[in-house]
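The structure under discussion appears below in the form of structure tokens.
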Number of protein chains: 2
Amino acid sequence: MPRKRNAHRNADTPTLADVARLAGVSDITASRVVRNKGPIADATRAKVLAAIAELGYIPNRAAGSLASSGSTLMSVLLPSLSNIVFPDVLRGIHTALTETAFQPVIGVTDYDPVIEERILLSFLAWQPAAVILAGLHHTATARRHLEHGRFRVAELMDIDGDPVDIAVGMSHWQAGYDTGKHLVQRGYRRFGYAGHSIASDDRARARYDGLRAALKDAGLLLVAEERVQGGSSTMAGRHLLEAILRKAPGLDVVVFPNDDMAMGGIFHCMHAGITPKEQLGIFGFNGLDIGQALPLPLSTILSKRFLIGKTAAEKLLESRERPAEKTIINTGYDIIEGATA
Amino acid sequence: MPRKRNAHRNADTPTLADVARLAGVSDITASRVVRNKGPIADATRAKVLAAIAELGYIPNRAAGSLASSGSTLMSVLLPSLSNIVFPDVLRGIHTALTETAFQPVIGVTDYDPVIEERILLSFLAWQPAAVILAGLHHTATARRHLEHGRFRVAELMDIDGDPVDIAVGMSHWQAGYDTGKHLVQRGYRRFGYAGHSIASDDRARARYDGLRAALKDAGLLLVAEERVQGGSSTMAGRHLLEAILRKAPGLDVVVFPNDDMAMGGIFHCMHAGITPKEQLGIFGFNGLDIGQALPLPLSTILSKRFLIGKTAAEKLLESRERPAEKTIINTGYDIIEGATA
DNA sequence: GCGATTTATGGTAGCGCTATCATTATTCTG
DNA sequence: CAGAATAATGATAGCGCTACCATAAATCGC
């Protein structure tokens, strides 16, 4: 016996068929108006729009997505939200997506490729139009899905490697190298490094490696190195500088993996009566606003986080199809001389 | 004439039917295994899981969502990502959602209820399980949809008002009032306020109003008030403090709408040789880590952003149905005495 | 030991939309 | 003005999954 039609319908929610009936057109015509696709007579469009307004119709994207096997979602996988860098990237992405039909779905991987893989797979269930992730290093499974999927892929932050589709970012190794070169040129010789646990953060590690390479090329070595377990924070930077100076009092410059920690270094200097630059160079990374508002602006490197996010999203929107050629966009960085190194 | 079946299929992507066939069970049984729902014999589950692994099956959530008229998406609408407050909230939400099937979809409203409404409507097209927004003030249309939708709603940050379903946050008016009372108790009498354009930020305005009320109750008034156009920033706070002290040299305390700006005030003090607290009280809001890493920790109020996000998401997960009773959760705040006021 | 529950599985009919093909009215070309 | 292109609309059949109902097998109570 045939079951009652519309058994598990949402009785109150108007569908496209309701709109079409009210406007006196066929379903598909109403659909065309909603999607702004195909030729529609002005009068017809007006009728349909009026019906939509009257019913308060909201399209069902799940149905649309199913029928067209594609969505307007863009999956964004970020390592962290505590680090201001990634909200900045996200802001860039969001800016590029405003006024488009695309919506970002975000996931946080905690710098862990295995978590990244898990979240990626769950995101792929929505048939996203594009996937944005950080870095070029993923699990084999993740990489396989990224390569074979029918969606665009952008890998952000880092460009030292082989992307799946698009990479947007900068060379962190080079930034580290330039930091070392810059500081050597300014006369610093006895280098310290005060960092955080590097295992998780590929890019901090690349900058560290670049720094060491520059020192090596100048015939120098890191005199002292100190690390905190776990994440970076201003307070950690403050304590770390104190610790490293106790162990190696003769340092003339200390490099930090980021501005947050370098700010802590500055605060320790203030507390201990050390004049930055004159007595001890302090160098960060990221170029956060707050560092530039200091009485002595922080010497650091400006990474273009917002630009990276925005560029990546814009690039992805250019074509739904993955082009034959891979694209690598170097957004570069600026050395901010500042007054602390 | 019947059209070719599976005309516009994704030929290469395995479906649940493929899994079921390979496992030798019916579609619906395979579906039950995937969703972990209903009674399944261990042997059957094992067979299905093996088939899933072999095919690399990824469920199609659009189809699932359509069939069950409900999704595992949670819409999150935040005013801004520049202000660290909201990434913190988002982090809390994300933490609560880890290990669940839910995924946050985020939108940024720029503190504009009209943009909020637009994004809300586009999010509702995905039949989200819940909607999270900031504040209790929305457009009439948005409010109507929130009230009549079949999804949970959480309104964050603020609890001074009447929520649709759940509100999680604190009383910003009260926080402003307590700030005033606290500072009056500590002997301050000549108050200045250095803020940003308030129109957009309801909560900063509520704190400001609370502060004035406390001063009034103590028989005092704001002696001076200075505002920047546009958003808040550390540099703006620094310039603003300089400006307000020029206009009203006799101030003994300046209150800022947030820690970012208050940090700028501190930096101006350092630059101008003013000793915080002794010569001039500085008071912020938010309790950011960086302020507590200062040589003199910032006096401020700790708002519990992470907790707000986490609590809200957890509360929403408790039940898919909107309960008869509205819930208001006050996460409170702590006054951090600090050393600057 | 026999009806009553519980456990495990399956058949079928949509969910609301859009791709595809088909059709009719309208405009254009030489 | 015939033939061809273009503009505007429609009928139909799924997209891949799950709600709903039905059935069969295993366990239970007394």
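Just so you know, these numbers use all the heavy atoms, side chains as well, and skip hydrogens, waters and symmetry mates. Throughout, a chain's letter reflects where its sequence line sits, starting with A, and its residues are numbered from 1.
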Roughly how many Å is it from [atom1] in [X] to [atom2] in [N], rounded to a whole number?
X	N	atom1	atom2	value
Arg320(B)	dA19(D)	CZ	P	10 Å
Ile40(A)	dT26(C)	CD1	P	16 Å
Gln127(A)	dG16(D)	CD	P	8 Å
Arg32(A)	dA7(D)	CZ	P	13 Å
Trp126(A)	dG16(D)	CH2	C1'	13 Å
Leu16(A)	dT9(D)	CG	C1'	14 Å
Leu66(B)	dA13(C)	CG	C1'	13 Å

>> Rounded at 0.5 Å granularity, tell me how far CG in Asn60(B) sits from OG1 in Thr13(B).
In response: 9.0 Å
Below 4.0 angstrom from OP1 or OP2 of [N], is there any side-chain N or O of [X]?
X	N	answer
Thr29(B)	dG10(C)	yes
Arg35(B)	dT18(D)	yes
Thr15(B)	dG16(D)	no
Ser68(A)	dT18(C)	no
Ser31(B)	dT18(D)	yes
Ser69(B)	dC15(C)	no

>> Taking ring-ring contact (aromatic ring centres under 6.0 Å, His included) as the cut-off, I'd like each qualifying pair that reaches into residues 145-167 of chain A, sequence neighbours left out, listed once.
In response: none
> Which ring-ring contact (aromatic ring centres under 6.0 Å, His included) pairs, counting each pair once, include a residue from residues 109-132 of chain A, with sequence neighbours left out?
Replying inline: Trp126(A)-Trp126(B)
Can you name the salt bridge (Lys or Arg N to Asp or Glu O under 4.0 Å) partners of [X], sequence neighbours left out?
X	result
Arg91(A)	Asp88(A)
Arg143(A)	Glu147(A), Asp162(A)
Arg203(B)	none

>> Using a strict heavy-atom distance below 4.0 Å, which residues from residues 41-62 of chain A are in contact with DNA chain C?
In response: Tyr57(A), Pro59(A), Asn60(A)
> Can you pull the side chain to side chain donor-acceptor pair (under 3.5 Å) pairs that have at least one residue in residues 129-141 of chain B, sequence neighbours excluded?
Replying inline: Glu116(B)-His138(B), Glu117(B)-Thr139(B), His138(B)-Glu155(B)
Heteroatom pairs (N/O) under 3.5 angstrom, protein to nucleotides 5-7 of chain C:
none

> Passes side chain to side chain contact (heavy atoms under 4.5 Å, CB included), Arg45(A) versus Asn36(A)? Steps please.
Replying inline: CA-CA 9 Å; Arg45(A) 168 172 288 112; Asn36(A) 224 349; 3.6 Å; yes
> For the side chain of Ala67(A), counting heavy atoms from C-beta on, which of dG16(C), dA19(C), dA19(D) is nearest?
Replying inline: dG16(C)
>> Using the side-chain heavy atoms of Ile28(A), tell me which of these nucleotides is nearest: dT9(D), dA19(C), dG16(D).
In response: dA19(C)
>> Tell me which pairs pass salt bridge (Lys or Arg N to Asp or Glu O under 4.0 Å) where either residue lies in residues 46-70 of chain A, with sequence neighbours left out.
In response: none
